[in-house]
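Remarks on the structure that follows.
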Amino acid sequence: MKILEICPDFYPYVGGQEKFVLELGKTLTEFGNEVTIFTINRSNSPEFEQIEGLDVYRFNELISPLNNPISVDFLKIFSKLKHFDVIHVHNEHAFVT
């Protein structure tokens, strides 16, 4: 199964939600799933990298009202969402406002 995890922040930023997404993704891959993470690039990290078996894509942030990031880059790949079996959004305001 192809699973997409969407969260506003991810490694190298470390917090509760970020740790949960990492651990969930690692567990899901242990069961044979392919896990991809879409997040914001707040730390000048690579746009793509693999972290512990997870494909991590980072998008540039346009603005962040009330700490909810909005990315125009994310909208450019919106059509690729249909390639995932499950889309798990960890912050309903991130990217989509």
Heavy-atom donor-acceptor pair, Glu18 side chain to Gly15 backbone, under 3.5 Å: yes
Leu4 vs Leu81 side-chain heavy atoms within contact, under 4.5 Å: yes
Residue among Phe10, Phe59, Tyr11 satisfying side-chain contact (heavy atoms from CB on, under 4.5 Å) with Thr39: Phe10
Co-membership, hydrophobic cluster, residues Phe38 and Leu54, 4.5 Å side-chain: no
Minimum heavy-atom distance Glu5-His88, with the two atoms named: OE1-ND1, 3.2 Å
Same apolar cluster: Ile37 and Tyr57, side chain cutoff 4.5 Å: no
List the atom pairs, with distances to 0.1 Å, where a side-chain N or O of residues 45-52 and a protein N or O form a donor-acceptor pair under 3.5 Å, not counting sequence neighbours.
from	atom 1	to	atom 2	distance (Å)
Ser45	OG	Ser43	OG	2.6
Glu49	OE2	Arg58	NH1	2.8
Glu49	OE2	Arg58	NH2	2.9
Gln50	NE2	Asp55	OD1	2.6
Glu52	OE1	Lys26	NZ	3.0

Test side chain to side chain contact (heavy atoms under 4.5 Å, CB included) applied to Arg42 and Asp9, step by step: CA-CA 8 Å; Arg42 296 189 203 231; Asp9 292 294; 2.7 Å; yes
Contact check, side chains of Pro69 and Glu61, non-hydrogen atoms, under 4.5 Å: yes
Pair Asn60-Asp73, side-chain hydrogen bond (donor to acceptor under 3.5 Å, both in side chains): steps then yes or no: CA-CA 6 Å; Asn60 293 322; Asp73 294 336; 3.3 Å; yes
same_hphob_cluster(Leu24, Phe31) at 4.5 Å side-chain heavy-atom cutoff: no
Between His90 and Gln17, a side-chain donor and acceptor under 3.5 Å: no
Greater than 12 external heavy atoms within 6.0 Å of Asn44's CG: no
Closest heavy-atom pair and its distance - Val35, Thr29: CG2-CG2, 3.7 Å
Connected via hydrophobic side-chain network under 4.5 Å: Val21 and Val86: yes
